[in-house]
2 protein chains.
Amino acid sequence: MYELKDIPLFSGLSELHLAELQEHIYVKHYSKDSIVFYEEDKSEYLHVLLEGDVKLYKTTPNGKEVYLHGMSAPNAIALFPALERVAFPATCAFLTEGTVGLLPLEKLHKCLENLDFSLAMIKAMSKRMKLLENLLHKETIFSSEAKIADLIANNAKIFQHLRNNEIASILNITPETLSRILTKLKKEEIITIDDHIVTIVNQNALQDIIETNSMKKSASN
Amino acid sequence: MYELKDIPLFSGLSELHLAELQEHIYVKHYSKDSIVFYEEDKSEYLHVLLEGDVKLYKTTPNGKEVYLHGMSAPNAIALFPALERVAFPATCAFLTEGTVGLLPLEKLHKCLENLDFSLAMIKAMSKRMKLLENLLHKETIFSSEAKIADLIANNAKIFQHLRNNEIASILNITPETLSRILTKLKKEEIITIDDHIVTIVNQNALQDIIETNSMKKSASN
DNA sequence: TGGTATATCTTTGAGTTCGTACATAAGTAA
DNA sequence: TTACTTATGTACGAACTCAAAGATATACCA
């Protein structure tokens, strides 16, 4: 299990300061699939993921989950609600077993008096903004085909570790749509899939899909 | 025209420090509709909006604009690309005439050695995250009906200042869709529109649309 | 250990929906 | 007038839902 000092946000603090913080942290264990916090909830604590993987997602009025991102320990989650003391914009659920440390917000806010900590906070927030920005791009610009092409181009290995329906939920598309588009990509000889290993055959065509948001049908059809 | 000290991000700095920064700022004037920077571009400067209004938007492969947000002077724009020295995630265009101050990134990064400045930066980034988070919610959770209902509930006055096609572009829907849904809202007696003044008649029904993402049809149809 | 049963995933087809695109008419303003 | 904005009808398309069949995995038991 990780400790505070393993998290970049806190790693710049002195031994002494860290020890003091550690004293005030309430450590909580979670089982797989349990909820850490719900969208719209508020909390008096910063949630620090010390062990395990979580996902963050929003829920639509009809109960559909909109996947935002996954996070692995060690990591501070929901920084922005902690800083602004506002409600969580998303629900956080464990994908594995895991552990969360709860740091009282007063303690966090006191840390900000330390310049190194503030700079680390800026770094951490930058990182989070990059994630958000990326997500926004995927959800507003990319078509389903482009989402899939992008995933294959950047992280083809994920198909070895996750089932297609899990990948679909990460991309916020239905498994049916994923299946259909993968079939199309195979038929167009842009990729091959063998025993869950996705291999890129035509990198250019893939890039083209990402850039144009669509696949030109092959003349042979 | 505003100056650096009018911007919350910089207002905590000493007179001396401000004067020094001001010396290194290159001030540039822009005409209405001109582009400040393009998506994917990089810059060695932080852009500080000193006068006028801009909008930020992404462009899809088919040339459609996806509106992100508008900003008014005084304000630092594109903080995240400035901090991380990465490409702009969006295009910035003036909606009015205006002025931008260009602050070399070295100068900005030097400011971060000042704790008050760092704290102001954290505040500014928080604010930006809130914007992004809001936008993400609108684009991923809301239906077109909910977007419009939300706008009417929170900012009905905007209909007095902007034409419907401008409002449509802010909501990232087509003018046709906006027109149809406004007509529907009038027919259901949820709002009235008189000479561009939108009045809410049935607040509950409006809230209901925002929460459920759809309008139940009235029995009379 | 192997074999079968059962559950879960994936694929495919058909139909629906939401919002867009295009065309055109009607309204409004300079 | 002339240009632009708004409204409305029709058509289209991307991705969804629902349903059912086919393929894989997992569990259980002899």
Side-chain angles (χ1 to χ4, degrees), chain A residues 33 60-67 138-151 158-187 191 193-198 209-210 212-217 221, chain B residues 33 59-67 138-151 158-188 191-198 209 212-217 221:
Chain A
D33 297 324
T60 70
N62 359 316
K64 211 182 62 186
E65 288 183 9
V66 177
Y67 181 95
K138 279 183 199 162
E139 293 301 319
T140 61
I141 304 290
F142 281 174
S143 65
S144 292
E145 288 179 353
K147 282 183 185 179
I148 295 167
D150 182 65
L151 184 66
I158 200 175
F159 287 88
Q160 294 170 45
H161 308 307
L162 297 181
R163 289 186 306 273
N164 282 2
N165 60 6
E166 291 175 310
I167 290 173
S169 90
I170 286 176
L171 295 176
N172 294 320
I173 60 180
T174 58
E176 291 94 327
T177 299
L178 176 59
S179 168
R180 281 186 246 270
I181 294 175
L182 285 178
T183 302
K184 213 163 140 194
L185 287 168
K186 283 183 282 184
K187 201 175 294 172
I191 60 168
I193 304 182
D194 259 316
D195 193 33
H196 288 260
I197 296 174
V198 173
I209 294 169
I210 297 170
T212 66
N213 244 346
S214 71
M215 237 165 124
K216 32 188 152 302
K217 334 186 180 307
N221 298 338
Chain B
D33 297 324
T59 307
T60 70
N62 1 316
K64 211 181 62 185
E65 287 182 10
V66 176
Y67 181 94
K138 279 183 199 162
E139 294 299 321
T140 60
I141 305 289
F142 282 174
S143 65
S144 291
E145 289 179 354
K147 281 184 185 178
I148 295 167
D150 182 65
L151 184 66
I158 200 175
F159 287 89
Q160 294 170 46
H161 309 308
L162 298 180
R163 288 186 305 275
N164 283 1
N165 58 10
E166 292 176 308
I167 290 173
S169 89
I170 286 175
L171 295 177
N172 294 322
I173 59 178
T174 57
E176 291 93 327
T177 299
L178 176 59
S179 168
R180 280 186 246 271
I181 293 175
L182 285 177
T183 303
K184 213 163 141 196
L185 287 168
K186 282 184 283 186
K187 202 176 291 174
E188 299 286 334
I191 61 168
T192 60
I193 303 182
D194 259 318
D195 193 31
H196 287 259
I197 296 174
V198 173
I209 294 169
T212 65
N213 244 345
S214 71
M215 239 163 121
K216 35 187 149 304
K217 333 183 181 310
N221 297 337

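Residue numbers start from 1 in every chain, and the chains themselves are labelled A, B, ... in the order their sequence lines are given, proteins ahead of strands.
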Heavy atoms under 4.0 Å is the rule here; annotate nucleotides 16-30 of chain C 5' to 3' with B where the base is hit, S where only the sugar-phosphate is, and - elsewhere. ---SBBB--------
For the pair made of [atom1] in [X] and [atom2] in [N], what is the distance, rounded to whole Å?
{"X": "L182(B)", "N": "dA7(D)", "atom1": "CG", "atom2": "P", "answer": "7 Å"}
{"X": "L185(B)", "N": "dA7(D)", "atom1": "CG", "atom2": "C1'", "answer": "15 Å"}
{"X": "R163(A)", "N": "dT24(D)", "atom1": "CZ", "atom2": "C1'", "answer": "11 Å"}
{"X": "I148(B)", "N": "dT6(D)", "atom1": "CD1", "atom2": "P", "answer": "13 Å"}
{"X": "K186(A)", "N": "dT12(C)", "atom1": "NZ", "atom2": "P", "answer": "8 Å"}
{"X": "N213(B)", "N": "dC16(D)", "atom1": "CG", "atom2": "P", "answer": "15 Å"}
{"X": "I193(A)", "N": "dT11(C)", "atom1": "CD1", "atom2": "C1'", "answer": "12 Å"}

With no hydrogens and no angle check, just 3.5 Å: does a side-chain donor-acceptor pair link N172(A) and E139(A)? yes
Side chains of [X] and [Y], heavy atoms from C-beta outward: is any pair under 4.5 Å?
{"X": "L182(A)", "Y": "N164(A)", "value": "yes"}
{"X": "L185(A)", "Y": "I209(A)", "value": "yes"}
{"X": "T177(B)", "Y": "T174(B)", "value": "yes"}
{"X": "K64(B)", "Y": "T59(B)", "value": "no"}

Check whether any side-chain N or O of N165(A) sits under 4.0 Å from OP1 or OP2 of dT8(C), and answer yes or no. no
Could you give the distance from CG (L162(B)) to OG (S169(B)), rounded to the nearest 0.5 Å? 8.5 Å
